[in-house]
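Let me begin by presenting the structure, written as structure tokens, before commenting on it.
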Amino acid sequence: MTSEAIKANLKGRHFLKLADFTKAELQYFIDFALQLKQEQKAGKTHHLLAGKTLAMIFEKASTRTRVSFETGMYQLGGHALFLSKDELQIGRGETIADTAKVLSRYVDGMMIRTFGHHIVEELAEHSSVPIINGLTDDFHPCQVLADLMTIYEKKGSFAGIKIAYVGDGNNMAHSLLIGCAIMGIDCYVATPKNYEVNQSIFALAKDKAKAENVKIEQTHDPIEAVKEADIIYTDVWTSMGFENETSERLQAFKDFQVNEKLAKHAKDDYLFFHCLPAHRGEEVAAEIIDGPHSVVFDEAENRLHVQKAILATLI
Ligand code: CP
Ligand code: NVA
């Protein structure tokens, strides 16, 4: 398929999870994001969404997602509306379906950060404009697309790369497994017992990986995962919405910190990834996240570029 055909096929679609896209489509977003990044750095304006509005619904906190989407819409010549749950009628019982139908009459796209993934699906079902998943309890596709872009920038290709994800079997781990399976990256996930990834998402990643002939594995041994890895990835031990489990999680995850002792099992030139926000001294030692292997701020920057590519393609 030509790039023009891929682009035409993506227009009007929702961006709910990476599993809904082909390898060529994810590569299209990455290539477009790299182009937009280069243009932005060169001071070239690209008002591809002049006159367009994005509604951004937040049911959870955010620094990167909010600022990168809002800034991205501005750079594309459009406008973004920040809508927190407490200020919307959703907070007083208006249904997701009615909200989707009403907002579709005003805006050209919606981004939502919420709890259950079914909420994003319900919004999409009743919306006539594209819906973008800005994080649910199950997935964080925009983050992983930015991570894939960062890998592509740093390594020049996805071939022969091994990622070790160490920590909670959460939304980040799920999107990473699926993204790696589609793009052809070996992905090993190491979690404590009882904090494994969702097994149907793991099975889906394994299935998708067949086409690329790459390894999708899970273990309870962080060293096994990190052995000879090109990339070590971690995320918070307590995700948003799970705060009441914080103390038991601190105990369960204590042997899963990414520190020098663990990282010495990776390749000498390994890169450290974290979606942020980070908790130094918990999932990652300061010496790692603030050290020479860390690319966490490049990842954070790429959220802006990749989301501009998503917005300008779907809307
Ligand atoms: N990584 C990420 O999504 O960050 P925020 O929670 O700050 O949006
Ligand atoms: N797993 C984290 C990611 C934050 C960007 C959470 O859901 O809180």
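One is the number of the first residue; the rest follow in order along the sequence. All heavy atoms count here, side chains included; hydrogens, waters and symmetry mates do not. Note that ligands are numbered from 1 as they come in the structure, with each ligand's atoms numbered from 1 the same way.
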Check your understanding: Under a 4.0 Å heavy-atom cut-off, what residues line ligand 2?
Key ->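 Contacts of ligand 2 under 4.0 Å: Leu135, His140, Asn170, Asn171, Asp235, Val236, Ser239, Met240, Leu276.
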Verify the distance criterion only: is there a donor paired with an acceptor across the side chains of [X] and [Y] at less than 3.5 Å?
X: His14; Y: Glu121; value: no
X: Asp98; Y: Gln89; value: no
X: His46; Y: Lys308; value: yes
X: Asn198; Y: Asp138; value: no
X: Glu283; Y: His274; value: yes
X: Asp221; Y: Tyr188; value: no

Review point. Does ligand 1 have any atom sitting under 4.0 Å from a heavy atom of Leu135?
Key: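 Under 4.0 Å: no for Leu135.
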**Study point:** With Phe82 via ring pair (Phe, Tyr, Trp, His ring centres under 6.0 Å) - residues at least two apart
**Key:** Phe58
Review point. Which ligand 1 atoms are under 4.0 Å away from a heavy-atom of Thr63?
Key: 5 (P), 7 (O), 8 (O)
**Study point:** Per-atom contacts of ligand 1 with Cys275, taking only distances under 4.0 Å to non-hydrogen atoms
**Key:** 1 (N)
**Study point:** N or O pair under 3.5 Å between Pro277 and ligand 1
**Key:**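 Among all N and O atoms of Pro277, none is under 3.5 Å from an N or O of ligand 1.
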Check your understanding: Going by distance only, is there an N or O of His140 that falls short of 3.5 Å from an N or O of ligand 1?
Key -> yes
Check your understanding: Considering only protein heavy atoms, which is closest to atom 2 (C) of ligand 1, and at what distance to one decimal place?
Key ->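 Answer for atom 2 (C) of ligand 1: Arg303 NH1, 3.3 Å.
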Check your understanding: In terms of residue, atom name and distance, what is the protein heavy atom nearest to atom 4 (O) of ligand 1?
Key ->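 Its nearest protein heavy-atom neighbour is Arg64 NE, 2.8 Å.
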Practice item. Could you name the option among Met240, His274, Arg113, Lys60 that has the heavy atom nearest to atom 6 (O) of ligand 1? Key: Arg113
Review point. Is the distance between the ring centroids of Phe21 and Phe15 less than 6.0 Å?
Key: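 Ring centres of Phe15 and Phe21 closer than 6.0 Å.
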Review point. Do Ile161 and Tyr233 share a hydrophobic cluster (ILVMFWY, side-chain heavy atoms under 4.5 Å, transitive)?
Key: yes
Practice item. Using the six-membered ring wherever Trp is involved, compare the ring planes of Phe253 and Phe256 and label them parallel, tilted or perpendicular (cut-offs 30° and 60°). Key: perpendicular
